[in-house]
Amino acid sequence: MLALPLYVIIGIAIGGVIHGWIPAGALAKYAGKNNPFAVFVAVIIGIPLYSNAAGVIPLVSELTRAGVSMGTSLAFMMAVTGLSLPEGILLRRVLKPKLLAVFYVVVGLGIIFTGYLFNFILS
């Protein structure tokens, strides 16, 4: 049987608590279409969460229904799946802190650019 380290369990627990306590309407409130920083806010909110792409798609559907633009919803989904805190904890076991920081910055900037690009194209 595979034994997970305590910090992995803590990281997944933090994401689960946040995921269970924050309703979809909260993201729509802070990352709505009228907020020019909506994509950035969605990425920051998505980082502590943990889910796979199939698990976050229903949430993205609800976000778009609640008034969040498609680019912002897409950025949120990519941040949840690509920059999650538990993923960072696992990557820390194989990457040095400096390389892990570069990973988060490059991927985060790519996600933010993609979100704004989709918002620009679809608006």
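Just so you know, these numbers come straight off a predicted model, no measurement behind them. Just so it is clear, the values below take in all heavy atoms, side chains as well, and ignore hydrogens, waters and symmetry mates.
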- Query: Less than 4.5 Å apart, any side-chain heavy atom of F76 and any of V56?
  - Reply: yes
- Task: Inspect the surroundings of CZ in F40 and state if more than 12 heavy atoms from other residues, nucleotides or ligands are less than 6.0 Å away.
- Result: no
- For the atom pair CG (L91) and OH (Y104), what is the distance rounded to the nearest 0.5 Å? 6.5 Å
- So which heavy atom on S73 is nearest to which on L63, and how close? OG-CB, 3.9 Å
- Task: Any chance you could measure F113, atom CZ, to F120, atom CZ, to the nearest 0.5 Å?
- Result: 10.5 Å
- Nearest heavy-atom pair of S69 and N119: which atoms, and what distance? OG-OD1, 2.7 Å
- Query: Heavy-atom distance under 4.5 Å between the side chains of T114 and L74, does that happen here?
  - Reply: yes
- Query: When I45 is tested against each of V41, I47, V43 for side chain to side chain contact (heavy atoms under 4.5 Å, CB included), which residue passes?
  - Reply: V41
- Supply the atom-to-atom distance E87 CD to I89 CD1, rounded to the nearest 0.5 angstrom. 11.0 Å
- May I ask you to test the K98-F103 pair for a side-chain heavy-atom distance under 4.5 Å? no
- Query: Are L122 and I111 co-members of a hydrophobic cluster defined by side-chain heavy atoms under 4.5 Å apart?
  - Reply: yes
- Give a yes or no on whether L99 and V94 share a hydrophobic cluster (residues Ile, Leu, Val, Met, Phe, Trp, Tyr; joining criterion: side-chain heavy atoms under 4.5 Å apart). yes
- Query: Would you say the side-chain atoms of T72 pair up with the backbone N or O of V68, donor to acceptor, closer than 3.5 Å?
  - Reply: no
- Do F37 and L109 share a hydrophobic cluster (ILVMFWY, side-chain heavy atoms under 4.5 Å, transitive)? no
- Message: Nearest 0.5 angstrom please: M70 CE to I121 CD1, how far?
- Response: 13.0 Å
- Closest non-hydrogen atom pair between V39 and G115, with its separation: CG2-C, 3.8 Å
- For P36, does its backbone N or O pair with a side-chain atom of Y116 as donor and acceptor, under 3.5 Å? yes
- Message: Any non-hydrogen side-chain atom of P97 less than 4.5 Å from a side-chain atom of L100?
- Response: no
- Verify, without hydrogens or angle tests, whether S61 (side chain) and I57 (backbone) share a donor-acceptor contact under 3.5 angstrom. no
